[in-house]
Amino acid sequence: MSDTEHGHRYTAELAGQIEKQWQDVWEEQGTFEAPNPTGPWADPQGVAEREKVMIQDMFPYPSGAGLHVGHPLGYIATDVYARYQRTQGKNVLYTLGYDAFGLPAEQYAVQTGQHPRKTTEDNMVNMRRQLRQLGLSHDMRRTFATIEPSYYKWTQWIFLQIFNAWYDEDAGKARPIDTLVEALESGRVATPDGRAWAELNATERAAAVNARRLAYKSDAPVNWSPGLGTVVANEEVTADGRTERGNFPVFKRNLPQWMMRITAYADRLVDDLERLDWPESIKLQQRNWIGRSNGASIRFDVENHEGAQLEVFTTRPDTIFGATFMVVAPEHPLVDTLVPDTWPEGTKDAWSGGATSPREAVDTYRREASRKSDLERQTGEKGKTGVFTGAFATNPVTGRRMPVFVADYVLMGYGTGAIMAVPAQDERDWDFAAAYDLDVIRTVQPSEGHPENKPFTGAGVAINSATSGLSLDGLGIEDAKVKIIEWLEANERGSGTTTYRLRDWLFSRQRYWGEPFPVVYDENGEAHALPESMLPVELPDVADYSPKTYDPEDAQSMPESPLSRASEWVSVELDLGDGRKTYTRETNTMPNWAGSCWYELRYADPANDERFVDTGCEEYWLGKGRGFGKGVANDPGGVDLYVGGAEHAVLHLLYARFWHKVLFDLGLISSEEPFRKLYNQGMVQAYAYRDGRGQPVPAAEVTEREVDGETVFEWQGERVTREYGKMGKSLKNVVTPDEMCDAFGADTFRVYEMSMGPLDASRPWETRAAVGSQRFLQRLWRNVVDEGSGEVTVTDAPMDDATKRALHQTIDAVSADFENLCFNTAVARLIELNNTLTKLDAVPREAAEALVLMTAPLAPHIGEELWKRLGHDTTLAFEPFPVADPAFLVQDTVVAVVQVAGKVRDRLDVAADISEADLEAAAMASERVQSFLEGKTVRKVIVRAPKLVNIVAN
RNA sequence: GCCCUCGUAGCCCAACGGCAGAGGCAGGCGACUUAAAAUCGCUGUGUUGCGGGUUCGACUCCCGUCGAGGGCACCA
């Protein structure tokens, strides 16, 4: 800066100095440390009678690439909000930890040949630096990383609570496992095979108990991804049968894995969504994922197979009169027993698939189906294929003979893997019936004009639905369902049922970089939970932490845990109550979701080494009816505001709710939900440019100009094409917060991020537009400080009336905007007020101080600096937010609009409290209005005093 | 295919069913400057994507349609 005349101008350089200085002050003084009511950090006096608010971001994964300008959007928003809440006298819990276990860390470590702990810790150092320079008001005492043994000790401890619990359907909640033993003893809960508890031996008893644990070992089909080298949960598999991370094929394999009985909570996870203040789209995604559907299970007799019944699930039992055939999944266990040796009488040509026997046809079809991956089965052309099994079932209502088909459009994993097909009211069944020459009987009256050649899936009354003793005819769908279910139950042919799409959560991974399970196996392979005293089970250092991966298509490969190679660690001598014995450790690790399933609880009391969270702290920060839950009926408790991306709709957010509910059931916490209010911030997107070969070119070097009225983009003189999407290294369009802080300062960066648009909207990044935010702060600075001398220039003279009104209207609007997370409009109003002050000869101190206080949540460093220069010697963090005086919000006179037939024809200055009659009279008296009314008859006059009159005339 | 969100000035975006424009970017004009940058001041005429409907009055509510983004997808 050679410009000595403006030696005190608010430049990026000066901003940088101020920012660094205030960040140091906040850290030294512990400005943002929030007192706790109880526990190791008890400070009841600090808590006193203040209201609390807990604000939380979805914590980041510390990636090697560092942050780009999109990442801090949510953090800045929560920081502005947290700072605003402090000015409302609230005790604010606001901090940020690191989700530091997981696949990417391990992959990055493998790539760079370093230990994951080393790379993860390095990345966290870098990320802490990046976040610190933004001036986020985190309580730094409360930060932690999920990889710290002092944290994952409690992750393991919670696993043990879940392992040592079962879901008591009668009580509608999880209970400790010893109550299961009582229930089994008393016969209230049946043993797996129905025998009395007293008749079971020790092994059988253990198995009976294990079968009901909330965390259990199962050998069911799981998603095995050879290319990734691990199994993954259903939630981590995309619709086309690939892993969400890495995009590798997934194969169903029976493998012994740990599962979490999240299905026990299906109803509560759906129902309690109504108690949450969450975006509807996220609630909808959770509802869809859980997929609760009500219907009936119905048992069908099979001809020539005494006792063999085919059980189906249907949501439309009311259409049973229209069921003309049945379909079972290729994997259905009954298929083998159903298939006869020869084609029975009545087999149509289309049914046999050209095979000489049902056995041959079914075997061929099943073989082909099994060769298809899930991908092919689901995304292949929607034409229905299948083959007749040679068996007939009997419709229990009509007595009709119904051929039984095998077809892969029925999935073994949903319902019972078998359906009654009702082509008239189901598109899939219609397509199949059309392809295989099967009968269609309409049993719901289609709406008028419904095409003959299409199934009718809408609402209507039942037709063709009567036999002797039962008639649904004339009933609507819901009534018909009730009646048929009554009939089915009375005749023991079926019953009303609810099914879910949700499956239990696959909870083990063949990875190194995760929480070890607190589980060992004895010589019989029996799993034993370790006692709390042996926690944490620390992750051993190993030479080779890389997962064993295979050819992505090698479905027959076997997963191998990296920890299984740590033989010294795996074999361990312990006394678990039966004397010292050698045990084998579980070598799988927990999925990276585990650490984020309960971190909100730990934030409340992170120093506690006696308990995962002190009960008083949990109740204070997350308890029901507190914070934003105050006065809310049926409030479930939880974090007051949780901000993060929408991509975690059914993964993290579902898992965390599940764990929270288990902990609640076991009486360990008082809140029923982890996150009371959820807000999804939008994505910062960016333009990327490619050259003629399709290679991305550095976006920052691309120039733009007009050619023949068309905008063209060029890089090094060459035309390039523009596309719009995410910011990423490979697209060469990354802008980092570091660059922004260097070029403009952190406060400008923060204001720009907040001013770009509504927080929940995605928006394109445009670095050069940030100068607008810089100009705002420069003008604010200049309204207080003389650029040449550095002297404070505000005047102590009273404000004029117009300024006073402008100030109080801004206060009123900005408080509401902050309250509602509308930071873009808050910035606009602050700029407006600032521009108003700029036009004055001298800025009144009262206005300047209020403006500084209002701007400070957005731009805290310049706020503190100006506050100090204005003569205050303590932080403004806890200064009360300015309060609007209603006296200055109302205008004495307002401009009333007079419309004739909806078009504005005149404007009148009228008193703000003018009566409707007076306003109407004034409007009618207007000459301009009269000129428009000439030759017309006034039909009606609408008066909305004091702002509007609309005269309807023709 | 179904569901959700969103379409306003060249761009990003405001606007309790009541005057289409708060704020910013870009552009234009002017001031300052030997000049340029920076800075400061001034500067907004548009099919509110399109077509219907409700209403005295529609960017706003309803129906249809087109486009963009996201989610689900043979779930019985």
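Quick caveat: nothing in here was measured; it's all calculated off a predicted structure.
Taking the six-membered ring where the residue is Trp, A:Tyr752 and A:Trp765 present perpendicular rings, their angle passing 60° and hence far from 30°. Using cut-offs of 30° and 60° for the angle between ring planes, the A:Phe405 and A:Phe325 rings count as perpendicular. By the 30° and 60° cut-offs, the orientation of the rings of A:Phe432 relative to A:Tyr436 is parallel.
Within the 3.5 Å criterion, the main-chain N or O of A:Asn247 finds a donor-acceptor partner in the side chain of A:Arg242. With hydrogens and angles ignored, the 3.5 Å screen pairs a side-chain donor or acceptor of A:Thr836 with a backbone N or O of A:Glu832. Judged by distance alone, with hydrogens and angles left aside, the side-chain atoms of A:Arg750 form a donor-acceptor pair with the main-chain N or O of A:Leu858 at under 3.5 Å. Of the possible polar contacts, one joining the A:Lys283 side chain to the A:Leu276 backbone as a donor-acceptor pair under 3.5 Å is found. Proximity of a side-chain donor or acceptor of A:Arg292 to a complementary backbone N or O of A:Ile290 within less than 3.5 Å is not detected.
Base pairing of B:G67 is made with B:C6, judged by Watson-Crick or G-U wobble geometry with both donor-acceptor distances under 3.5 Å. Pair check for B:C42 finds B:G28; Watson-Crick or G-U wobble, both atom distances under 3.5 Å. In this structure, B:C72 and B:G1 make a Watson-Crick or G-U wobble pair, each of the two defining distances being under 3.5 angstrom. If you check B:C61 for Watson-Crick or wobble pairing at under 3.5 angstrom, you find it paired to B:G53.
Across the C1' atoms, B:U60 and B:G1 are found 31 Å apart, a figure rounded to whole Å. To the nearest whole angstrom, the two P atoms, one in B:C13 and one in B:G7, are 9 Å apart. Only the P atoms considered, B:U65 is 31 Å distant from B:G46, to the nearest whole Å. With C1' as the reference atom, B:G24 and B:C2 are 39 Å apart, rounded to whole Å. With both ends at atom C1', the span from B:A14 to B:C19 equals 15 Å, rounded to whole Å. Comparing the P positions of B:U54 and B:A58 gives a spacing of 11 Å, expressed to the nearest Å. Rounded to whole Å, the P atom of B:A36 lies 12 Å from the corresponding atom of B:G30. B:G17 and B:G57 have their C1' atoms separated by 8 Å, given to the nearest Å.
Aromatic pair A:Phe744/A:Phe749: ring centres not closer than 6.0 Å.
Between A:Thr499 and A:Tyr414, the side chains place a donor N or O and an acceptor N or O closer than 3.5 Å (distance only, hydrogens not considered).
Relative to the side chain of A:Arg501, the nucleotides B:G23, B:A14, B:C72 differ in distance, and B:C72 lies closest. Each of B:A76, B:G18, B:G23 was ranked by its minimum atom distance to the side chain of A:Leu948; first place goes to B:G18.
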Output one line per pair: protein atom, nucleotide atom from nucleotides 56-59 of chain B, and distance, for all N/O pairs under 3.5 Å.
from	atom 1	to	atom 2	distance (Å)
B:C56	O2	A:Asn950	ND2	2.4

Polar atom pairs between nucleotides 38-43 of chain B and protein, under 3.5 Å, N or O only, would you list them?
from	atom 1	to	atom 2	distance (Å)
B:G41	OP2	A:Arg779	NH1	3.4

N/O to N/O distances under 3.5 Å, protein versus nucleotides 3-12 of chain B:
from	atom 1	to	atom 2	distance (Å)
B:C12	O2'	A:Met756	O	2.8

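When the nearest nucleotides of RNA chain B are assigned to A:Met683 and A:Ser773 by heavy-atom distance, the more 5′-ward of the two goes with A:Ser773. Ranked by how close their nearest RNA chain B nucleotide is to the 5' end, A:Gly413 and A:Ala828 are led by A:Ala828.
Taking atom CD1 of residue A:Ile282 and atom P of nucleotide B:C72, one finds them 11 Å apart after rounding to whole Å. Rounded to whole Å, the distance from CZ on A:Phe744 to C1' on B:C25 is 12 Å. Remark: C1' of B:C19 and NZ of A:Lys947 are 10 Å apart, rounded to the nearest angstrom. Atom pair A:Gln286:CD and B:C72:P shows a separation of 12 Å (rounding to whole Å applied). The interatomic distance linking A:Ile320 (CD1) with B:A76 (C1') rounds to 13 Å, in whole Å. For the pair A:Met854 CE and B:G23 C1', the computed distance is 15 Å after rounding to whole Å. A:Leu759 places its CG atom 12 Å from the P atom of B:A14, with the value rounded to the nearest Å. Across the protein-nucleic acid pair, A:Asp760 atom CG and B:G69 atom C1' stand 13 Å apart, rounded to whole Å.
When all heavy atoms of A:Val406 and A:Pro330 are compared, the closest pair comes out as CG1-CA, 3.6 Å. When all heavy atoms of A:Ser755 and A:Ser773 are compared, the pair lying nearest together is OG-OG, 3.9 Å.
For A:Glu723, the salt bridge (Lys or Arg N to Asp or Glu O under 4.0 Å) partners are A:Arg690, not counting sequence neighbours. Every residue two or more places apart in sequence or in another chain was checked for a salt bridge (Lys or Arg N to Asp or Glu O under 4.0 Å) with A:Asp760, and none qualifies.
When A:Thr319, A:Asp318, A:Thr314 are each tested for a side-chain hydrogen bond (donor to acceptor under 3.5 Å, both in side chains) with A:Arg316, only one passes: A:Asp318.
Residue A:Val897 is in base contact, counting any heavy-atom pair closer than 4.0 Å across all strands shown.
The NE2 atom of A:His332 sits 12.5 Å away from the CG atom of A:Leu411 when rounded to the nearest 0.5 Å.
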Annotated protein contacts, base or backbone, on nucleotides 28-33 of chain B with a non-hydrogen cut-off under 4.0 Å, one of B, S, - each | ------
